[in-house]
Amino acid sequence: MKFGILVNEGPYTHQATDTAYQFAKAAIDKGHSVDRVFFYHDGVNNSSALTEPPQDDRNIVARWTKLAEEHGVDLVVCVAAALRRGIKDDNLAAGFRISGLGQLVESGIQSDRLVVFGD
Amino acid sequence: MDEDVSGTVKKFMFVNRKAPYGTIYALESLEVVLISAAFDQDVSLVFCDDGVYQLKKGQQTKAAGMKNFSPTFRALEGYDIEKLYVEKESLEARGLTEDDLLVDVTVMSSAEMADMMAEQDVVISF
């Protein structure tokens, strides 16, 4: 099955981002495809290259980057939501790209299922 | 994802569950709704829980220093977005009636709402 994923919350404060990642990974491991993960609302904070969690904790941003590198998942950050929260190309982590909301609607149209993770 | 999406019409339902001001969920959700209309999709909006306050008449946001985007709901018609559903139980729990709302809506029970959600292709909740 072709999945699209929407992440609406930021890292560490909300479980949504961890669950979204685990879901994406499990789906891919089972042979499904995750074509795009769209980051909206505080979800855009998942893409900050400035994120530096303590060594003994998971690095949520780096984890997404790895997912993109290994499985070609398209990580898209909403431009308007990103600018509101101080995310620009200057501090965008590898594997992410900034684009418009049309990419989310497109993902809804092209995927068999669009799965939303938020509060 | 470079396949052509033109011509594909899916049933998109946006479920609004949060109060309009104080957090940005409602405003940013409205932005997605407008974009989906530009993609010529079959769009409907649901308002439940505190989301019913998004349609409450007479919002005054000046003192709170927030942009008043409530008039945008009146403009939805111009984007051919005319399916607005409000959950009856949520209205009643908050002492509101249809007369308190700034646009024409269809009020339905949570059971009817569930049936309608089951018919959708894409359900996005905020």
Side-chain angles (χ1 to χ4, degrees), chain A residues 1-10 13-14 16 19-20 33-45 68 71-87 96-119, chain B residues 1-46 48-51 54 65-67 69 72 76 79-81 117-126:
Chain A
M1 190 176 270
K2 234 164 108 172
F3 286 105
I5 290 177
L6 169 62
V7 178
N8 286 331
E9 296 294 347
T13 314
H14 300 264
T19 317
S33 72
V34 176
D35 293 347
R36 180 174 293 161
V37 181
F38 192 88
F39 297 89
Y40 197 38
H41 299 295
D42 277 359
V44 301
N45 290 318
H71 302 286
V73 181
D74 188 20
L75 307 177
V76 183
V77 181
C78 169
V79 59
L83 288 177
R84 258 194 193 106
R85 294 164 177 85
I87 305 275
F96 292 85
R97 65 186 178 93
I98 293 178
S99 189
L101 280 169
Q103 301 280 300
L104 169 62
V105 179
E106 189 186 75
S107 186
I109 297 170
Q110 292 176 342
S111 307
D112 297 313
R113 290 279 189 284
L114 177 68
V115 189
V116 183
F117 295 88
D119 274 8
Chain B
M1 274 207 184
D2 46 13
E3 64 190 85
D4 192 6
V5 294
S6 63
T8 308
V9 179
K10 281 196 173 181
K11 287 163 93 85
F12 273 74
M13 175 175 274
F14 295 94
V15 183
N16 300 286
R17 300 172 295 132
K18 310 270 169 70
Y21 300 102
T23 66
I24 201 161
Y25 293 104
L27 172 59
E28 286 190 334
S29 302
L30 205 46
E31 287 173 5
V32 191
V33 168
L34 297 177
I35 296 284
S36 61
F39 276 72
D40 292 327
Q41 299 300 299
D42 182 356
V43 178
S44 59
L45 272 65
V46 162
C48 59
D49 300 340
D50 276 351
Q54 292 184 27
M66 293 175 199
K67 174 177 158 180
F69 63 90
T72 313
L76 289 176
Y79 290 85
D80 289 328
I81 298 171
M117 282 181 181
E119 290 170 11
Q120 304 298 314
D121 297 310
V122 182
V123 178
I124 297 181
S125 69
F126 291 119

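Proteins get letters first, then strands, A, B, ... in listed order; numbering begins at 1 in each. Worth knowing before you read on, the calculation uses all heavy atoms, side chains too, and leaves out hydrogens, waters and symmetry mates.
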Between A:Val115, A:Asp112, A:Asp119, the one whose heavy-atom pairs under 4.5 Å with chain B are most numerous: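 Winner by heavy-atom pair count: A:Asp119.
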
Pick from A:Leu6, A:Val116, A:Leu104 with the largest number of heavy-atom pairs that fall under 4.5 Å of chain B: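 If we count pairs closer than 4.5 Å to chain B, A:Val116 comes out on top.
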
Side chain to side chain contact (heavy atoms under 4.5 Å, CB included) partners of A:Ile98, counting only residues at least two apart: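 Side chain to side chain contact (heavy atoms under 4.5 Å, CB included) list for A:Ile98, sorted by chain: A:Val77, A:Val79, A:Asp89, A:Leu92.
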
A:Arg113 atom CZ, neighbour heavy-atom count above 12 within 6.0 Å: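 Counting neighbours around CZ of A:Arg113, 12 or fewer heavy atoms of other residues, nucleotides or ligands fall under 6.0 Å, so no.
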
Heavy atoms of other groups near B:Phe69 CZ, more than 12 under 6.0 Å: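 Yes, CZ of B:Phe69 has more than 12 neighbouring heavy atoms, counting only those of other groups under 6.0 Å.
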
Side-chain atoms of residues 28-39 of chain B: list all donor-acceptor pairs with protein atoms under 3.5 Å, sequence neighbours left out, distances to 0.1 Å.
{"unit_1": "B:Glu28", "atom_1": "OE1", "unit_2": "A:His41", "atom_2": "ND1", "d": "2.7"}
{"unit_1": "B:Glu28", "atom_1": "OE1", "unit_2": "A:Arg85", "atom_2": "NH2", "d": "3.2"}
{"unit_1": "B:Glu28", "atom_1": "OE2", "unit_2": "A:Arg84", "atom_2": "NH1", "d": "2.8"}
{"unit_1": "B:Glu28", "atom_1": "OE2", "unit_2": "A:Arg85", "atom_2": "NH1", "d": "3.0"}
{"unit_1": "B:Ser29", "atom_1": "OG", "unit_2": "B:Tyr25", "atom_2": "O", "d": "2.5"}
{"unit_1": "B:Ser36", "atom_1": "OG", "unit_2": "B:Val32", "atom_2": "O", "d": "3.4"}
{"unit_1": "B:Ser36", "atom_1": "OG", "unit_2": "B:Val33", "atom_2": "O", "d": "2.7"}

Contact class of B:Val9 relative to chain A, heavy atoms under 4.5 angstrom: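 Answer is neither: B:Val9 stays 4.5 Å or more from chain A.
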
Under 4.5 Å from any heavy atom of chain B - which part of A:Leu101: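 Interface part for A:Leu101: both.
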
Chain B contact via A:Ile109 - which portion, at a heavy-atom distance below 4.5 Å: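 For A:Ile109, backbone and side chain are both near chain B.
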
Interatomic distance, A:Asp42 atom CG to B:Ile24 atom CD1 [nearest 0.5 angstrom]: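 Here the rounded value is 8.5 Å.
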
